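Reviewing the structure listed below.
Just so you know, these numbers come straight off a predicted model, no measurement behind them. In this chain, numbering begins with 1 at the start of the sequence shown.
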Amino acid sequence: MLKRTHTCGELRKENTNESVNLNGWVNTVRLHGQVIFIDLRDRYGKTQIIFNSDDYSGDFEAVKKLSMEDVLSIKGTVQARGENAVNPNMSTGEIEVIVETMELLSETAPLPFVITDRESALEDLRLKYRYLELRTDELQHNIIIRHKSYQAVRSYLSEKNFLEVETPILMKSTPEGARDFLVPSRLHHGKFYALPQSPQIYKQILMISGFDRYFQIVKCFRDEDFRADRQPEFTQIDIEMSFVDEEDIYSNMEGMTQHVFKEVIGTDLPDPFPRITYDEAMSKYGSDKPDTRYTLYLQDVKQFTDMSDFNAFKSAECVKAIVVPGGVKYSRKMIDELTDVVKTFKAKGLAWMKMDAGHLTGGISKFFEDNLQKEIKNATGMDDGDIIFLIGDERSVTEKSLGALRVEIAKREDLTDKNNFKPLWVTDFPMFEMDEETDKLTFLHHPFTSPTTQDVNELDSDPESLKARAYDLTLNGYEIAGGSIRIHSPEIQNKVFSLLGLSPEEVKEKFGFLVEALTYGAPPHGGIAFGFDRLVMLLTGSNNIRDVIAFPKTTSALSLMDGSPDSVSEKQLDELNIQIKKKK
């Protein structure tokens, strides 16, 4: 192998007449009789190299047999391209290298898909040969953006006196929301470690330990059911601070997010970030992570449906609507497709009317007399050519269903410019929500979130009405970070555990070490965790989280490249004292 003097993205016109060595992969081959043009590629770029039978000292016939993705080492001389031959789409487009000698370092097997065209294969095939897909320009760009994001986060937080501290990967299983991945102990039969869903408890203990500003870019693990764009292992920017309130969190995290976007993609984010309460977000957008790049607000129309002859909404707790400008074009088939969308969110159906020549037509319009139609038009701002969609049900069903409809319509109407970034804080979340399956209170964030009150009696009197000192940072319809001010009083922490239905024995078994730590002088503290994979996805403009992770799992948590999860030997199971039960 010739030791490279330059990368394939480095040479410029100033290098003309220099003797250079390049190493890389064959990206394209173009045969022109006694002249062969090859684009040689590495992660830095591409350089056009030329084999001319008059100048090349090696076996010219062997060069003709080169294939895409063969690995070459070449020596040659840089020459400027002719004015008409300059390629403005390549950083090295003003030059080419006339090859004198070449060594074939590695010959590729027949490719399962075309490297230069990701769309030439389904995702499962590309994931099986991930090492080939990672050679594509798009994924190399994404991984570079990921690297730059790591560095931007670390530089900002380090400058602000945050300490990067590693926390254990093998820890105690604690009920924090999702299902744990368990790791059996060979030395302690019948005992298990858990992989961390997050370093939540450890970072709180670091605050009790006196490390007032902590961060970690950390792997987290959740054994969740199959969901698109969810990974069983994911990366978090984990942050905790002592002696702070919400305003300290907002200002520091806005600064970090602005720094990352500016450093990585040269984008200026607003300063400060706007805020909205959870109740406002659900009422106006039907989502606790609203995309504010477009309007399509939810509007309350119950007063109008109550005055109409449309009886299906009379008993509904809440009736809301979305007006879609130009929606008169929506066919019955399209409306049926949108109806299917809202039904997945438990809506019973989707009512609609179109505005034509100042009158509502189609759908349920016959149940609304002329004066009522005028009132609806004036209240909702409908114009000719618009369509209004209505849902009536329990408030949560109505708002969530219309929120999903709003997102679907935005996709269809192409209202989501991926280069327009709209950050938004969502605040004042409910402290608890009712679990429909168990009919018991459960936490909306996690059980260590501080309520807005520190009065134990208030916690007892009406827990469902309590607000949490919790906040989410959203961006373009995605939650990119979530956090809270934590409970630092052992009395309040025990009361919250009690409201969640945990007995004192369960608290001691699962969380005893944390509650005990709180009794030894815990400072007021709070923090946040960023979903790093999702943040990078937004920075790259991708809509698939797997495109920004080097070796992701499928939506069913499989690694197609290495075949995991896989069975293990009986010997390994015996060492762990584990027996596999037959599936019923």
Side-chain angles (χ1 to χ4, degrees), residues 143 146-147 149-150 153-154 157 162-183 192-207 211 214-241 249 253 256-257 260 289 442-449 470-475 478-484 486 510-511 513-514 525-539 544-559 564-565:
I143 297 302
R146 188 180 180 102
H147 162 78
S149 302
Y150 281 133
V153 167
R154 283 197 166 97
L157 293 175
F162 285 82
L163 295 176
E164 186 169 7
V165 183
E166 292 178 85
T167 54
I169 292 297
L170 296 176
M171 60 176 287
K172 183 182 181 68
S173 177
T174 56
E176 295 179 42
R179 190 181 293 108
D180 285 329
F181 278 104
L182 298 177
V183 181
F192 293 82
Y193 301 102
L195 301 182
Q197 295 182 30
S198 79
Q200 181 61 46
I201 294 178
Y202 286 111
K203 68 179 180 179
Q204 289 191 245
I205 288 177
L206 282 170
M207 297 301 103
F211 296 98
Y214 142 93
F215 85 98
Q216 185 179 189
I217 300 176
V218 61
K219 279 284 190 183
C220 301
F221 307 85
R222 294 179 187 174
D223 189 7
E224 298 182 300
D225 292 333
F226 306 152
R227 283 179 63 178
D229 275 349
R230 279 285 177 94
Q231 290 283 297
E233 55 179 309
F234 57 95
T235 305
Q236 222 171 247
I237 308 169
D238 203 47
I239 295 168
E240 199 78 4
M241 305 164 67
I249 303 290
M253 295 307 101
M256 187 191 80
T257 309
V260 169
K289 45 183 183 294
T442 186
F443 45 83
L444 205 66
H445 278 74
H446 55 61
F448 318 112
T449 297
Y471 34 79
D472 283 353
L473 179 56
T474 71
L475 184 70
Y478 292 95
E479 177 196 333
I480 62 168
S484 65
R486 322 300 187 188
K510 298 294 185 184
F511 303 107
F513 65 104
L514 172 64
H525 58 282
I528 196 166
F530 282 74
F532 185 71
D533 307 302
R534 191 169 288 161
L535 179 64
V536 176
M537 184 183 79
L538 290 164
L539 286 164
N544 185 339
I545 206 165
R546 291 181 292 282
D547 284 353
V548 299
I549 300 171
F551 300 104
K553 306 290 191 293
T554 67
T555 53
S556 56
L558 297 173
S559 175
S564 62

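At least one donor-acceptor pair closer than 3.5 Å links the side chain of N544 to the backbone N or O of R546. Between the side chain of R534 and the backbone N or O of I545, no donor-acceptor pair lies under 3.5 Å. The backbone N or O of S484 sits less than 3.5 Å from a side-chain atom of Y471, completing a donor-acceptor pair.
Of the charged side-chain nitrogens involved, at least one lies within less than 4.0 Å of a carboxylate oxygen, so that R146 and D533 count as a salt-bridged pair.
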### Message
Evaluate F181 against E233 for side chain to side chain contact (heavy atoms under 4.5 Å, CB included), listing each step before the verdict.
### Response
CA-CA 10 Å; F181 278 104; E233 55 179 309; over 6 Å; no

### Task
With side chain to side chain contact (heavy atoms under 4.5 Å, CB included) as the test, would you mind laying out the steps for Q200 and T174 before giving the verdict?
CA-CA 11 Å; Q200 181 61 46; T174 56; over 6 Å; no

### Task
Begin with the C-alpha distance, continue with both residues' side-chain angles, and end with the deciding distance and a verdict on side chain to side chain contact (heavy atoms under 4.5 Å, CB included) for T474 and I480.
CA-CA 5 Å; T474 71; I480 62 168; over 6 Å; no

### Task
Begin with the C-alpha distance, continue with both residues' side-chain angles, and end with the deciding distance and a verdict on side chain to side chain contact (heavy atoms under 4.5 Å, CB included) for D472 and K289.
CA-CA 8 Å; D472 283 353; K289 45 183 183 294; over 6 Å; no

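Under the 4.5 Å side-chain criterion, counting only non-hydrogen atoms from C-beta, K203 is in contact with R486. Contact check for F192 versus S173: no side-chain heavy atoms found under the 4.5 Å cut-off. When side chains are defined from C-beta on, Y214 counts as touching D238, because their heavy atoms get closer than 4.5 Å. Side-chain contact between L535 and I237 is present, with at least one heavy-atom pair separated by less than 4.5 Å. Side-chain contact between F551 and S559 is absent, with no heavy-atom pair separated by less than 4.5 Å. With contacts defined as side-chain heavy-atom distances shorter than 4.5 Å, the pair V153/F530 does not qualify.
A donor atom on one side chain and an acceptor atom on the other are found under 3.5 Å apart for Q216 and T167.
When the shell of 6.0 Å around CZ of F211 is examined, it contains 12 or fewer heavy atoms from other residues, nucleotides or ligands.
A perpendicular orientation is assigned to the rings of F162 and F215, their planes being inclined by more than 60° (bins at 30° and 60°).
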